[in-house]
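The structure under discussion appears below in the form of structure tokens.
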Amino acid sequence: MKSYLTPILHDALKTLSLTLGIDAPTEITLEVPRNAEHGDLSTNAAMTLAKALKKNPRELAVNLVEILKSSVNSAVITDISIAGAGFINFTFAPSFYGMRLQDLLLEGENIGRNERGRGIKANVEYVSANPTGLLHVGHGRNAAIGDTLANILVWNGYDVTREYYFNNAGNQMNNLGRSVHTRYLQILDASVEFSEEDKGLYHGEYIKEIAQALADKHGAALKEASEENLTICRKAGEEWCFATIHATMKRMNIHHDVYFNEDSLYTDGKVKDTIERLREKGFVYEKDGATWLALSRMGMTDDRVIIKSSGEPTYRLPDIAYHHDKLARRKFDLVVDIFGADHIATIPDVMAAVEALGEEKSKVRVVIHQFVTLMKDGEQVKMSKRTGRSYTLDDLLEEFGEDVTRFFFLMRGVSTHLEFDLNLAEEQSEKNPVFYLQYAHARIASIMRTAEERGVQIAKTADTTLLLHPSEIELIKFVLRFPEIILRAAETLEPQVIAEYLREVAAAFHKFYHDCRILGEEESLMQARFALLRAAKTVLNNGLAVLGIKAPEKM
RNA sequence: GCGCCCGUGGCUUAAUGGAUAGAGCAAUGGAUUCCGGUUCCAUAGGUUGGGGGUUCGAGUCCCUCCGGGCGCACCA
């Protein structure tokens, strides 16, 4: 629709601007009005013009409509009217929707895909949990958002790398080794104490599991707290954690193309290289035995330490080196980071440094999601009733399955605090939005099955201009918007846009189903409705695929 | 104290600066011989936290105040 009208509108604006002796405005929008009574498409062109000319927008609208009416095909657009403050509303002939549906169906299984990102290398980094424990609920939101955004970019034609950044060195890993070793000693001798006060130790039950495996394998051979034995404990812990994380990810249908080890930034000399470059540009200095990053010379207030006086770098330095590496060496055109709200503080530093290193910081887009609160019976829940311990991502997957879990993480805007309603999640009924969507898909599949059982042939082509019932038109309108929704989701980096849209498609389908019969209708109309069903089914299937959720044939 | 996010009917929330703020849940009342009722329709419920400002037009942008969350290390 837009593609038909956009050039006509621009021509008309050009004509009008010429007679008025001004430049044609560029900032005009052509959009589907929220309220269907305002026609099928609407433009604010007259208002934008009026602003520049300081003239009455409705007056200009009259002139513009005159020009438009003469250049538009009246079989396609049946009405052009002026409304409100100066909106110009276009109404399309009902049969036009059938024609557009025909075009959409030509795309077959690929409805929604576009080439916007062709040739653009994108990197999406998400989850990125260090191997010191289990994934918690917050990681779940991070994983669902990151994986879905990667899917969205793929559907927009980008060349996408899914990346997991981790650190298996440093203090935290030594603490993991110590934790495992202490639990190991406890298994050998129950009188050994595990200090609850020691903040460095990991207290989770999983540590016992790792220690038990070591005890089974090595007996008492690791008793001495030697460097060597602690390393064995640490390695065992790391392996166990990664294996568990991988299993959880797999269950959520998530895979990463690249596992990027922070340590490689040191061994490959990238950290050193980064610091040298920054030093050359005068952004690094020494003070109190430490090395500082002069953020104050990059327009920020406080300088920060990047190498401690002990000689160890702070987390900031590898973060900067990592981002610089992605842009400068690995040549990504778009770098998307998915972070929880607790990581907010480091971002401005990294961005400033990346810019100081001469890279385009607009290539980095940081998605910060807020926290997840689990709610049950109107109260916040922290402990799982099932395990008696704090809720992990696995607990959610176990209780509600991967579809419900993923969808619940995606159905709210990224920047809002997410309330995960456990009562609603366990509901296997229409109240649960996941089932509402999946049921719509299953119901279409069911109609197709029934047709087959009754020996009804579904034709390859149909005259979709016969679809004139309001519920048919409504469903077509929604289905036609899918490509635009995929584009918008990529622009805004908001998976929720798709979740919300799919609910509307499902609702439009259910209403259509309620109002219009398919099987048993007169042949040509029945075939037209099959064509509409095919489009709706593809849209639901593809939309759910982007969200990483199954579209079942049966439920 | 400083920075970031959020505040929309009872609850959970939507709305590229556009028209009468849109849904779902809960409540109330209806629909259905049918292709899956896990569906559909209707009613009721709002000063978009308060106050200023910018704009032809503000839930959206700016300022300020209030409330909630998260950060603010030579921790990661």
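We name chains A, B, ... by the order of the sequence lines, and we start the count at 1 in each one. Atom set for the values below is all heavy atoms of this structure, side chains included, hydrogens, waters and symmetry mates excluded. Keep in mind it's a predicted model, so treat the numbers as computed, not measured.
- With sequence neighbours excluded, no residue forms a salt bridge (charged side-chain N to carboxylate O under 4.0 Å, His left out) with A:Glu426.
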Under 3.5 Å, which protein N or O atoms sit close to an N or O of nucleotides 38-42 of chain B? Give each pair with its distance.
residue, atom, partner, partner atom, Å
B:U39, OP2, A:Glu430, OE1, 3.4
B:U39, O2', A:Arg443, NH1, 3.4
B:C40, OP1, A:Tyr436, OH, 2.5
B:C40, O2', A:His514, ND1, 3.2

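- By the ring pair (Phe, Tyr, Trp, His ring centres under 6.0 Å) test, A:Tyr501 is found to be paired with A:Phe482, residues two or more places apart in sequence or in another chain being considered.
- With sequence neighbours excluded, the residues that form a side-chain contact (heavy atoms from CB on, under 4.5 Å) with A:Ala531 are A:Leu105, A:Ala462, A:Thr464.
- For A:Glu521, the CD atom is densely surrounded, since the number of other residues' heavy atoms within 6.0 Å is greater than 12.
- Judged as a salt bridge (charged side-chain N to carboxylate O under 4.0 Å, His left out), and not counting sequence neighbours, the contacts of A:Glu491 are A:Arg116.
- Under the Watson-Crick or G-U wobble criterion, with both distances below 3.5 Å, B:G29 is paired with B:C41.
- Annotation: ring-ring contact (aromatic ring centres under 6.0 Å, His included) contacts involving residues 44-64 of chain A, sequence neighbours excluded, are absent.
- By the 6.0 Å contact criterion, CD on A:Gln457 is open, its count of non-hydrogen atoms from other residues, nucleotides or ligands being 12 or less.
- The ring pair (Phe, Tyr, Trp, His ring centres under 6.0 Å) search around A:Phe166 returns A:Phe242, not counting sequence neighbours.
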Between the protein and nucleotides 73-76 of chain B, list the N/O to N/O atom pairs that are separated by less than 3.5 angstrom.
residue, atom, partner, partner atom, Å
B:C74, O2, A:Ser309, N, 2.7
B:C74, O2, A:Ser309, OG, 2.9
B:C74, N3, A:Ser309, OG, 3.3
B:C74, N4, A:Asp288, O, 3.1
B:C75, OP2, A:Lys308, NZ, 2.4
B:A76, OP2, A:Tyr315, N, 3.3
B:A76, O3', A:Asn167, ND2, 3.2
B:A76, N6, A:Tyr315, OH, 2.9

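- Under the side-chain contact (heavy atoms from CB on, under 4.5 Å) criterion, A:Glu262 pairs with A:Tyr165, A:Asn167, A:Leu265, A:Tyr266, A:Pro318, not counting sequence neighbours.
- Residues that satisfy the side-chain contact (heavy atoms from CB on, under 4.5 Å) test with A:Ala445, not counting sequence neighbours, are A:Arg449, A:Lys537, A:Glu553.
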Strictly under 3.5 Å: I want the nitrogen or oxygen pairs between protein and nucleotides 43-47 of chain B, one per line.
none

Could I get a table of every N or O pair under 3.5 Å where one atom is in the protein and the other is in nucleotides 17-20 of chain B?
residue, atom, partner, partner atom, Å
B:A19, OP2, A:Arg34, NH2, 3.4
B:A19, N6, A:Ser42, OG, 2.6
B:A19, N6, A:Asn89, OD1, 3.0
B:A19, N1, A:Asn89, OD1, 3.2
B:A19, N1, A:Asn89, ND2, 3.0
B:U20, O4, A:Glu37, OE1, 3.4

